[in-house]
Amino acid sequence: METSNSKIAKLLRNVAASYSIKKTGNIFQVRAYDNAADSIEHSTVEMKDLWEEGRLNEVPGLGETIRGYLDELFTKGKVSHFEEVQKDIPKIIFDLLDIPGIGPKTACKLSDLGINSLDDLKKQIKSGELVKKDFSAKIAQSIMAGLRQTTSKTGRMLLPYAFAQAEKILEYIKRSPSVKDAHFLGSLRRMVATIGDLDFSACSKFPKDVIEHFIKMPGVVRVVDKGESMATVMLQSGLHLDLLIGSPESYGALLQHFTGSKNHNIHLRTYALSKNLSLSEDGVKHTKTGKVVPTKTEEEFYKLLKMDIPAPEIREDGGEIEAGLAHKLPNLVETKDIKGELHTHSNYPFLHPSHGPGVNSMNDIVKKAISLRYSFIGISDHPPGHGAVSREKMIEEVKKRTKVVQSLKKSTKDVRILNGLEIDILPDGTLSVPDEALSTLDYVIAGIHSGHRGEKDIITKRLISALNNPHVDIISHPTNRLLNERESSDADWDEVFKVAVKNNKLLEINAFPNRLDLRDDLVREALKYGVKFIIDTDAHQVSQMDNMRFGVSVARRGWAEKKDIVNSWDWKKFSEWFTIKP
DNA sequence: GCCGTTTTCGGCCCGACTGTTTTCAGTCG
């Protein structure tokens with residue numbers, strides 16, 4: 001079977017439902033499977049990748065047993081225990097469970113009534129037959145709504161795309177005079193690479209007014225849910241928006257609660273209980289007296305637990321609670337720390353009659369860098385592919401471009417312009433451009449651009465071979481994953497990190513929307529070896545240089561500090577690293 | 001089945017919303 005995270009999550013949910021239906025095992029066992037499913041579904045990393053890297057034990061909620069089953073799944077393509085558990089249960093039940101609002105109990109009841117397909121269910125609701133069979137009209141109605149939702153459901157959105165939409169919505173929410181403040185919640189606030197629904201909070205004394213304002217937002221086609229202090233609406237695209245409203249007195253607790261992650265909250269609450277405190281969106285309750293202390297801000301909330309506040313990006317139950325209690329949280333890098341980047345593509349015409357893969361001119365990139373107040377900007381076009389030209393022609397072409405960039409350097413004093421290229425690491429580990437040409441550059445970015453699906457040994461050798469070339473400074477988008485499209489390449493990352501550190505090479509954190517590569521979890525892993533990073537946008541048009549913040553969010557999720565990110569350093573230190581002459 | 005700032009055994013986050021429940025079950029996040 002397919003082994004995407006969503007497929008695995010569904011499989012585990014089916015097992016949970018099967019246990020629950022058969023009443024074998026206890027409620028906590030069922031919950032354990034559901035927790036594992038949630039954890040996997042919301043992971044930024046494919047379980048298959050982690051499994052290959054031997055790091056499944058880092059996923060909260062996966063214990064020895066479930067890890068064993070996943071091992072079987074990845075090795076044999078199926079899990080015999082899971083098949084056994086699901087054996088006597090009609091398949092329709094698992095289909096019904098995909099419908100929002102239908103859990104194991106309702107699914108069983110529908111199956112017992114003879115429903116044998118989703119089409120059948122639709123028909124029976126429309127004909128009124130279902131209502132005759134002991135289902136209230138209201139429940140039938142909500143099942144119908146759930147069915148529509150399922151069919152219009154889309155996959156998870158890329159973070160930068162979700163962010164752009166969410167910013168407009170947040171602005172609209174804040175426009176209500178009853179709203180004192182508003183924030184993103186959930187995976188959006190934690191800056192996870194892919195986003196499901198968009199969640200927002202509002203701070204207000206008049207929740208009714210805020211809800212009225214919210215459901216009237218242009219683009220809303222349906223109010224899915226409405227309570228006293230919350231509402232869910234659907235946009236034309238099928239996208240769901242949640243709004244949670246908290247009073248100013250307890251807004252901090254609400255923000256904390258709905259920012260999650262779920263695993264962070266479960267861990268935090270379990271810890272709190274051991275200190276006789278019960279946490280909820282209302283505040284911190286002393287279990288002995290029953291007294292609830294509301295908290296205006298998140299800082300107050302965490303302070304009541306005697307811990308430092310972890311940034312939303314690292315609230316994934318990856319040790320941040322322990323670090324917060326020990327007052328040892330990292331001082332994460334910030335977007336405002338970034339002083340330039342080295343991976344941008346211009347329309348420089350390299351052999352092409354009209355222009356290269358970038359949309360804008362080198363000059364446009366320089367102007368954009370100045371507007372971003374960068375102190376340096378590197379332009380790194382793709383030279384012609386290996387084999388497209390002779391060795392001599394390649395050298396000549398690169399030298400020709402170097403002259404162009406050198407004259408551009410003299411055109412401005414507002415930003416330092418650096419001359420680079422992004423070249424290919426070929427299947428045998430050699431580079432697509434001869435050293436003689438590379439020596440005319442300020443820096444070299446090397447990346448694997450074909451054969452990503454190669455064997456682990458091959459990919460590792462290619463990366464290490466590039467890291468051993470004295471001209472190479474940076475490995476671009478190291479895992480080559482494309483979100484929603486292509487899994488990470490399989491490589492011995494520990495080995496890659498060791499060699500990168502030994503040779504003083506940088507790994508890139510690529511901020512391109514569907515890359516966000518090196519992945520956040522591997523950034524954290526690499527930091528244990530002392531790897532240094534550069535965050536680049538890989539912009540193919542100047543507007544994409546604004547994606548820097550998403551690369552920074554990957555670094556932050558990987559617990560990176562300013563000292564770990566070379567393009568947050570001042571020019572002196574940065575140029576020394578690259579041995580660039582002023 | 002998971003997990004450890006009381007614990008490797010014995011607990012397991014918390015509350016909102018919905019329906020038709022007159023005190024609670026099912027589902028969700």
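So that the names make sense, note that chain A is the first sequence line, chain B the second, and so on, each numbered from 1.
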Undergrad: Have D282(A) and S250(A) got a donor and an acceptor in their side chains that come within less than 3.5 Å?
TA: no
Undergrad: Within the structure shown, what part of the strands sits under 4.0 Å from Y271(A) by heavy-atom distance: base, sugar-phosphate, or nothing?
TA: sugar-phosphate
Undergrad: Quickly work out the N26(A) CG to dC12(B) C1' distance and round it to whole Å.
TA: 10 Å
Undergrad: Is it the case that more than 12 heavy atoms not belonging to E64(A) sit under 6.0 Å from its CD atom?
TA: no
Undergrad: Answer yes if the ring centres of H183(A) and F258(A) are under 6.0 angstrom apart, and no otherwise.
TA: no
Undergrad: Pick one: which of R67(A), M47(A), E316(A) meets side chain to side chain contact (heavy atoms under 4.5 Å, CB included) with V59(A)?
TA: M47(A)
Undergrad: Taking atom P in both dT21(B) and dA16(B), what distance in whole Å separates the two?
TA: 23 Å
Undergrad: If you only use heavy atoms from C-beta on, which nucleotide in dA16(B), dC13(B), dG1(B) is closest to the side chain of I266(A)?
TA: dC13(B)
Undergrad: Mind calculating the distance between CD1 (I143(A)) and P (dC28(B)) to the nearest angstrom?
TA: 11 Å
Undergrad: Scan D225(A) against the nucleic acid and name what it touches under 4.0 Å (heavy atoms): base, sugar-phosphate only, or nothing.
TA: sugar-phosphate
Undergrad: Side chain of S229(A) only, heavy atoms from C-beta on: which candidate in dT27(B), dC17(B), dC2(B) is closest?
TA: dC17(B)
Undergrad: If we take the P atom in both dC9(B) and dC14(B), what is their distance in whole Å?
TA: 25 Å
Undergrad: Specify whether H81(A) and Y69(A) have parallel, tilted or perpendicular ring planes, treating 30° as the upper limit for parallel and 60° as the lower limit for perpendicular.
TA: parallel
Undergrad: To the nearest 0.5 Å, what is the distance between OG on S18(A) and NZ on K87(A)?
TA: 12.5 Å
Undergrad: Less than 4.0 angstrom between a side-chain N/O of R67(A) and OP1 or OP2 of dG1(B), yes or no?
TA: no
Undergrad: Using atom C1' of each nucleotide, how far apart are dG15(B) and dG10(B) to the nearest Å?
TA: 25 Å
Undergrad: Quick one: R31(A) CZ to dG11(B) C1', roughly how many Å, whole number?
TA: 11 Å
Undergrad: Just to confirm, is there a sub-4.0 Å distance from OP1 or OP2 of dG4(B) to any side-chain nitrogen or oxygen of T270(A)?
TA: no
Undergrad: Please measure how far the C1' atom in dT6(B) lies from the corresponding atom in dG11(B), and state the result in whole Å.
TA: 12 Å
Undergrad: For I102(A), answer base if it contacts any base atom (sugar-phosphate contacts may also be present), sugar-phosphate if it contacts only those atoms, and nothing otherwise; contact means non-hydrogen atoms under 4.0 Å.
TA: sugar-phosphate
Undergrad: Return the minimal non-hydrogen interatomic distance between D120(A) and G114(A), and the atom names on each side.
TA: OD2-O, 3.7 Å
Undergrad: Please pick, from dG1(B), dC17(B), dC13(B), the nucleotide with the shortest atom-to-atom distance to any side-chain atom of E228(A).
TA: dC17(B)
Undergrad: Has T106(A) got a side-chain N or O lying under 4.0 Å from the OP1 or OP2 atom of dT27(B)?
TA: yes
Undergrad: Given the P atoms of dC13(B) and dC2(B), what is the spacing between them in whole Å?
TA: 15 Å
Undergrad: Rounded to whole angstrom units, what separation is found between the CD atom of E322(A) and the C1' atom of dC3(B)?
TA: 12 Å
Undergrad: Could you work out the separation of dT20(B) and dT27(B) based on their P atoms and round it to a whole Å?
TA: 14 Å
Undergrad: 5'-most contact on DNA chain B: Y69(A) or S278(A), nearest heavy atom basis?
TA: Y69(A)
Undergrad: I'd like to know if D517(A) pairs up with R481(A) as an ion pair, taking the criterion as any Lys NZ or Arg NE/NH1/NH2 lying under 4.0 Å from an Asp or Glu carboxylate oxygen.
TA: no
Undergrad: If you look at every strand shown and take non-hydrogen atoms under 4.0 Å, does K226(A) touch a base, only sugar-phosphate, or nothing?
TA: sugar-phosphate
Undergrad: Please give me every residue in residues 53-65 of chain A whose heavy atoms get under 4.0 Å of an atom in DNA chain B, ordered by residue number.
TA: P60(A), G61(A), L62(A), G63(A), E64(A), T65(A)
Undergrad: Using the C1' atom on both, measure dT7(B) against dC12(B) and round to a whole Å.
TA: 13 Å
Undergrad: Taking atom P of dT27(B) as reference, at what distance in whole Å does atom CD1 of I27(A) sit?
TA: 11 Å
Undergrad: With sequence neighbours left out, what residues match K105(A) under side chain to side chain contact (heavy atoms under 4.5 Å, CB included)?
TA: none
Undergrad: If you only use heavy atoms from C-beta on, which nucleotide in dA16(B), dG1(B), dT27(B) is closest to the side chain of F28(A)?
TA: dG1(B)
Undergrad: Whole Å only: how far is the CG atom of L273(A) from the P atom of dG11(B)?
TA: 14 Å
Undergrad: For K109(A), is the NZ atom crowded, meaning more than 12 foreign heavy atoms sit under 6.0 Å from it?
TA: yes
Undergrad: Between Y172(A) and F214(A), does the ring centroid distance fall short of 6.0 Å?
TA: no
Undergrad: Please report the distance, rounded to the nearest Å, between NZ in K328(A) and P in dT5(B).
TA: 15 Å
Undergrad: To the nearest 0.5 Å, tell me how far I115(A) CD1 sits from I93(A) CD1.
TA: 11.5 Å
Undergrad: What's the CE-P distance between M230(A) and dG15(B), to the nearest Å?
TA: 17 Å
Undergrad: Would you say K262(A) places a side-chain N or O within less than 4.0 Å of OP1 or OP2 belonging to dC14(B)?
TA: no
Undergrad: For nucleotides 19-23 of chain B, list the nitrogen or oxygen atoms of the protein found under 3.5 Å from its nitrogen or oxygen atoms, one pair per line.
TA:
from    : atom 1 : to      : atom 2 : distance (Å)
dT20(B) : OP1    : S136(A) : OG     : 3.1

Undergrad: Using both distances under 3.5 Å as the test, list the Watson-Crick or G-U wobble partner of dG26(B), or none.
TA: dC17(B)
Undergrad: Quantified in whole Å, what is the C1' atom distance between nucleotide dG1(B) and nucleotide dT5(B)?
TA: 23 Å
